[in-house]
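Notes for the one structure printed next.
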Amino acid sequence: MKYALVTGGSRGIGRFVCIELAKLGYPVIINYCSNETAALETQNIIQENGGTAELLKFDVSDAEQVDNAIMQWQENHSDDYIAVLVNNAGVREDTMMMWMQNEQWENIIGIHLNGFFYVTRRMLKDMLTKKFGRIINVVSLSGIKGLPGQTNYSAAKAGIIGATKALAQEIGKRGVTVNAVAPGFIATDMTQDLDEKTLKEMIPLNRFGKAEEVAYLVSFLASDKASYITGEVISINGGIYT
Ligand code: NAP
């Protein structure tokens, strides 16, 4: 059986990605870091709609936790493999670079860039052997154009964009695609401290995006319809020019 794993699937964009992938027919593995209540809510929504979902707790920035959780899952699912991976888990810790502490830099690089690496490398063997896989990385407008106050976050997301392009070339011959989606401002817990009224003035569509709108794009990239797209970074930002 082919499964889909969504890191940070408990809330925000990740929750809607889980819901959309379940609609594609995938049993979904909902990863979360600490908010089990939210992860259970995502699982309930999927199950109420006839889908299948299970929870898998690990901190993507902790290589040992990632390895243990994934090895355990693989041992319990000897006939299954994770065919779709969505690297979505993330946080922001914004501050001007001159005030930025080592921990603020390391934490953001650790969760986004190291997290991408720790999780993705453990999926590759199965995907390459089965000659099918879809890897979708949720990056950001910030990783394409850079945003002031986010040197840590912009660097991490730009790093994932580079890795997306390199990995796509590394494994394309084995039927595995690797793409990135780059959202602009999306209404989730992550952006609730931002002033939409002011910021929407720079967005041609004049509003923040919805988490489900990003999930539709991720779901398309995971589907058979996107079989000839790889190494791409697709913006979904209401028309902000990048
Ligand atoms: P969100 O609503 O704050 O949700 C963040 C998710 O990431 C939660 O499921 C959280 O799990 C999980 N998470 C955080 N740290 C983790 C860790 N160390 N290990 C595992 N899971 C972890 O955020 P969001 O807005 O949906 O963001 C999702 C992705 O989109 C992120 O990569 C973000 O950078 C990117 N993005 C968002 C926007 C935006 O405007 N919202 C724009 C561009 C890009 P818990 O529930 O357990 O805490």
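In each ligand, atom 1 is the first atom listed, and ligand 1 is the first ligand listed. Along the sequence shown, residues carry numbers from 1.
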Please indicate whether any nitrogen or oxygen in [X] is less than 3.5 Å from any nitrogen or oxygen in ligand 1.
X: S34; value: yes
X: G14; value: no
X: S61; value: no
X: I13; value: yes

Of all heavy-atom pairs between [X] and [Y], which one has the smallest distance, and what is that distance?
X: A83; Y: M127; answer: O-CE, 3.6 Å
X: Y153; Y: M190; answer: OH-SD, 4.2 Å
X: S10; Y: I30; answer: N-CG2, 3.9 Å
X: R11; Y: D189; answer: NH1-OD2, 2.7 Å
X: T151; Y: W105; answer: O-CZ3, 3.7 Å
X: R134; Y: S227; answer: NH2-CA, 3.6 Å

Top protein contact for [atom], by heavy-atom distance:
atom: atom 25 (O) of ligand 1; value: T188 OG1, 2.5 Å
atom: atom 7 (O) of ligand 1; value: G90 N, 3.4 Å
atom: atom 38 (C) of ligand 1; value: G184 O, 3.9 Å
atom: atom 30 (O) of ligand 1; value: V138 CG1, 3.3 Å
atom: atom 15 (N) of ligand 1; value: V91 CG1, 3.8 Å
atom: atom 11 (O) of ligand 1; value: S10 OG, 3.3 Å
atom: atom 18 (N) of ligand 1; value: D59 OD1, 2.8 Å
atom: atom 44 (C) of ligand 1; value: V139 O, 3.0 Å

What are the atoms of ligand 1, with element, lying closer than 4.0 Å to any heavy atom of [X]?
X: Y153; answer: 33 (C), 34 (O), 35 (C), 36 (N), 43 (C), 44 (C)
X: H112; answer: 32 (O), 34 (O)
X: N35; answer: 45 (P), 46 (O), 47 (O)
X: F185; answer: 40 (O)
X: P183; answer: 42 (C), 43 (C), 44 (C)
X: G12; answer: 2 (O), 26 (O)
X: N88; answer: 28 (C), 29 (C), 30 (O), 31 (C), 32 (O)
X: T191; answer: 39 (C), 40 (O), 41 (N)

Could you check whether any heavy atom of [X] sits closer than 4.0 Å to an atom of ligand 1, since that is the contact criterion I want to use?
X: L194; result: no
X: F208; result: no
X: A38; result: no
X: T7; result: no
X: K157; result: yes

Between the candidates [options], which shows the shortest non-hydrogen contact distance to [atom]?
atom: atom 39 (C) of ligand 1; options: I30, D189, I186; value: I186
atom: atom 22 (C) of ligand 1; options: G9, A211, A89; value: A89
atom: atom 16 (C) of ligand 1; options: G8, C33, G209; value: C33
atom: atom 10 (C) of ligand 1; options: R92, R11, M190; value: R11

I'd like to know if [Y] and [X] are part of one continuous hydrophobic network [Ile/Leu/Val/Met/Phe/Trp/Tyr, side-chain heavy atoms within less than 4.5 Å].
X: V214; Y: I229; answer: yes
X: Y241; Y: V181; answer: no
X: L147; Y: I13; answer: no

Aromatic plane relationship, F208 with F185 - under 30° parallel, 30 to 60° tilted, over 60° perpendicular
parallel
Assess whether a salt bridge exists between R207 and E213, defined as any Lys/Arg side-chain N lying under 4.0 Å from an Asp/Glu carboxylate O.
yes
Donor + acceptor pair across side chains of T120, N87 (<3.5 Å)
yes
Cut-off 3.5 Å, no hydrogens considered: what does the side-chain donor-acceptor table look like for residues 156-166, sequence neighbours left out?
{"unit_1": "K157", "atom_1": "NZ", "unit_2": "H112", "atom_2": "ND1", "d": "3.0"}
{"unit_1": "K157", "atom_1": "NZ", "unit_2": "V138", "atom_2": "O", "d": "2.9"}
{"unit_1": "T164", "atom_1": "OG1", "unit_2": "N137", "atom_2": "ND2", "d": "2.9"}
{"unit_1": "T164", "atom_1": "OG1", "unit_2": "I160", "atom_2": "O", "d": "2.7"}

What pairs of donor and acceptor atoms, side-chain ones from residues 170-177 against any protein atom, are under 3.5 angstrom apart with sequence neighbours left out?
{"unit_1": "R174", "atom_1": "NH2", "unit_2": "L128", "atom_2": "O", "d": "3.4"}

L167 CG to F116 CZ distance, which is reported to the nearest 0.5 Å:
5.5 Å
For the side chain of Q43 and the backbone of A53, is there at least one donor-acceptor N/O pair under 3.5 Å apart?
yes
Chi angles and distances behind the side chain to side chain contact (heavy atoms under 4.5 Å, CB included) call for V91, I108
CA-CA 7 Å; V91 298; I108 294 301; 3.7 Å; yes
